[in-house]
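Here is the structure we will look at, set down as structure tokens.
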Amino acid sequence: MASNDALTAPVAIIGGGPVGLMLAMNLDFFGVRSLLINTDPTTRWLPKGSTHNARTLEHFRRLGVAKQVRALGLPPDYPTDVGYFTRLNGWELARLKMPSESEKQRAVASAAATDQTPEPLLRCNQMYVERFALEHVGALPSVTLRFGWQCIDWVDNGDHVAVEIEELATKRRESWRCGYIAGCDGAHGIVRERLSARYDGVTLKQDYLGGPMLNSHVSAPEFYRAVRAPLCWQYWSVNPELRGNIVVLDGRGELIMTTRLNALDEQVPEADIARRLCAMIGAEIPVKFLGHSAWIAGHVRVADYFARGRAFMAGDAVHLFTPAGGFGMNTGVDDAVNLAWKLAAAVQGWGGPDLLATYETERKPVAQRNTAAMGQLTRNIGAVPIGEDMEKDTPAGAVQRRVAGDYLAGFGEEFASLGVQLGARYDGSPIVVPDGTAPPPDDPFRYVPSACPGGRAPHLWLKGRLSLFDRLGRYFTLIRFNPVRDVRGLEAAAQARGVPLRLLDVELPEGRDLYQSDLALVRPDQHVAWRGDALPDDCAMLVDTVTGRFARRTS
Ligand SMILES: Cc1cc2nc3c(=O)[nH]c(=O)nc-3n(C[C@H](O)[C@H](O)[C@H](O)COP(=O)(O)OP(=O)(O)OC[C@H]3O[C@@H](n4cnc5c(N)ncnc54)[C@H](O)[C@@H]3O)c2cc1C
């Protein structure tokens, strides 16, 4: 494959979903050209995930587009409460109160210097963000877009990857010679298939969120007139006849409705789906359907490997989540950010020969951790106690509603799992230098800021209300909290290896307290690689370690 006159790109990205788009944007950020191939001619217009978590928004902030992404979310004053009802116009069982976007922004504006994130979680459907991301990527000269094209074959030839693609509308073919291939091609992609990687784990079978499901994209502006309960972002109907979930997309009448199917290929007439929606509400309203998609819930699965040779995989290609907690795409976005700087280092020549292998070393445990947290949330959802009398206005009905309500009121963690969002750590990674301190206990629902090497650099608001994250360099950054520390040794070692390093002086006592050290070396993905009060004697060894050049270390 790949004739001598093949087209060339350092990186071929297969799949232009949220993860492939994020990888292209991050490679562009590091000045690396990519070829982005996607089967559909444009992004899908079917709603899926509505949770872009704090870390994903931090990544968008780094790329300079967080404000634009936030503008795609719900109207600023729309509440993001989750409400559980027997039916929306029946009894309210529980309500998880959550702030609107305006309230979040006010909290950010007045937050303490050591506040955990400059970018709180955003409720916004991924179809809006994907459309924006494709427009954005389309304007980047470093990205060659091939939407409406399919990767039909690829071969790792040792010193390059030959990629064969075909335009679906015309059957026209192109041969590309690329340095690396990144499979962001979802659950049924050609990259995982050719690598024969398999998903380990389980697919839960349970009453709800454990089997075939139907998502329907609905236009129903009458919804707001018909529903008497105070506004929610997510409405659940929980009763013995029917369980279902409605997520508000735009605050004006577009909704995503999720119900169970008996089989993945079951064809449910739209009139029946409309009846289900009205039964969930407890009122008749006119409904227009904009699309449907069937999917399997209950997956708690991670691929047995994430990379081989010059091929890497990210996102659903290596982990399958059930949408409890909104972790799936967000974990994939974080994969893309981890992979991007390592590919950039390889392409630009400053990465060591062992750097790319750390992609799997670092990301597979995070996928296992996040899927495990999601698996527990999914099981909790499956086990909601639903009494036969819960819709009856009787003492027994009242007891059953209280039991269900108390159980559902404990679901707050599903929607505010800050430990999953910000707490991913790369402890034990060979490119992280441990300092003998213990990392905070790993809790998916609680995030404890810590500069213990391996974790995300704790956030700080600097003087003038600048986010620390906006001041970090594009590549490695040495943060110096104590100006008397001499850092020339590390600067010289980095320069000698061609490793881009920026020095950032931060004179903020809270910063020194938070980081518990005078110096911290932060990687291009904002994780702490090393910290200390003084540079090590052998700065060259430190640079070699954090950039994956291990030969000298192990000899
Ligand atoms: C109902 C629902 C709700 C969800 N809610 C959330 C949520 O709130 N938060 C969250 O984080 N996640 C959520 N998820 C999960 C999230 O949707 C997925 O994890 C995410 O879409 C995965 O992104 P991806 O880019 O890895 O793969 P995909 O989105 O599957 O994109 C893969 C792309 O690759 C293309 N492709 C495949 N093969 C080829 C080929 N050979 N050549 C070219 N292109 C190819 C496909 O056409 C597709 O466009 C939800 C999922 C569902 C079903």
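Side-chain atoms are counted along with the backbone in the values below, which use heavy atoms only and exclude waters and symmetry mates. Computed from a prediction, not measured in an experiment: that's the story for all the values here. Counting starts at 1 for both ligands and their atoms, following the listed order.
Taking only nitrogen or oxygen atoms, main chain and side chain alike, D316 reaches within less than 3.5 Å of ligand 1. Residue C151 places at least one N or O, backbone or side chain, under 3.5 Å from an N or O of ligand 1. In terms of polar-atom proximity, defined here as any N/O pair under 3.5 Å, W149 makes no such contact with ligand 1. Polar contact check, T51 against ligand 1: a nitrogen or oxygen pair lies under 3.5 Å apart.
In this structure, D185 contributes its side chain and V191 its backbone to a donor-acceptor pair below 3.5 Å. Listed for the D40 side chain is no donor-acceptor partner under 3.5 Å among the backbone atoms of T43. Listed for the D335 side chain is a donor-acceptor partner under 3.5 Å among the backbone atoms of G315. When atom types are taken as modelled, the side chain of Q421 and the backbone of A54 share a donor-acceptor pair closer than 3.5 angstrom. Not a single donor-acceptor pair under 3.5 Å links the side chain of R62 to the backbone N or O of L57.
At a 4.0 Å heavy-atom cut-off, ligand 1 touches Q126 through the side chain alone. Neither the backbone nor the side chain of F321 comes within contact range of ligand 1; no heavy atom lies under 4.0 Å. Residue C184 touches ligand 1 through its backbone alone, judged by heavy-atom distances below 4.0 Å. Here I14 has side-chain heavy atoms under 4.0 Å from ligand 1, and that is the only part of it that gets that close. In N330, the parts holding a heavy atom less than 4.0 Å from any atom of ligand 1 are both the side chain and the backbone. Under 4.0 Å from ligand 1, not a single heavy atom of M213 appears. Contact annotation for S293 and ligand 1: no heavy atom of the residue comes within less than 4.0 Å of the ligand.
Ring centroids of H217 and F289 are separated by 6.0 Å or more, keeping the two rings apart. Not less than 6.0 angstrom separates the ring centroid of F321 from the ring centroid of H299. For an aromatic pair to be called close, the ring centres must be under 6.0 Å apart, and Y359 with W341 fails this. With ring centers used as reference points, W236 lies under 6.0 Å from Y208.
Close contacts between ligand 1 and R44 involve ligand atoms 28 (P), 29 (O), 30 (O), 31 (O) [criterion: under 4.0 Å to a heavy atom]. Set against the non-hydrogen atoms of G17, the atoms of ligand 1 under 4.0 Å away are 25 (O), 31 (O), 33 (C). Listed by atom number, the atoms of ligand 1 under 4.0 Å from G315 heavy atoms are 26 (O). Close approach of ligand 1 to I190 (heavy-atom distance below 4.0 Å) involves ligand atoms 41 (N).
Nearest protein neighbour of atom 34 (O) of ligand 1, counting heavy atoms only, is G15 CA, 3.2 Å. Protein heavy atom nearest atom 38 (N) of ligand 1, with residue, atom name and distance: D185 CB, 3.6 Å. When only non-hydrogen protein atoms are considered, atom 12 (N) of ligand 1 lies nearest to M329 N, 3.0 Å. The closest protein non-hydrogen atom to atom 45 (C) of ligand 1 is T39 OG1, 2.9 Å. Closest to atom 2 (C) of ligand 1 among all protein heavy atoms lies P323 CG, 3.6 Å. For atom 25 (O) of ligand 1, the nearest protein heavy atom (residue, atom name, distance) is V19 N, 3.1 Å. Here the protein heavy atom with the shortest distance to atom 1 (C) of ligand 1 is N215 ND2, 3.0 Å. Summary of contacts: the protein heavy atom closest to atom 48 (C) of ligand 1 is N38 OD1, 3.6 Å.
Under the 4.0 angstrom criterion for non-hydrogen atoms, H188 is not in contact with ligand 1. Assignment of S50 to the shell around ligand 1 is supported, since a heavy atom sits closer than 4.0 Å.
A salt bridge (Lys or Arg N to Asp or Glu O under 4.0 Å) check over residues 289-310, counting only residues at least two apart or in different chains, returns the pairs R198-D304.
Checked for salt-bridge contact, R523 and E362 meet the test: a charged N lies under 4.0 Å from a carboxylate O. Classification of R456 and E58 as a salt-bridged pair holds, one side-chain N sitting under 4.0 Å from a carboxylate O. In this structure, R44 pairs ionically with E130, as a charged nitrogen and a carboxylate oxygen lie closer than 4.0 Å.
Aromatic ring pairs are classed by plane angle as parallel below 30°, tilted from 30° to 60° and perpendicular above 60°; the pair Y235 and F223 is perpendicular.
Across the listed options G186, A297, G49, G49 owns the non-hydrogen atom lying nearest to atom 5 (N) of ligand 1.
The cationic atom of R192 (NZ for Lys, CZ for Arg) does not lie both less than 6.0 Å from the six-membered ring centre of F306 and within 45° of the ring axis.
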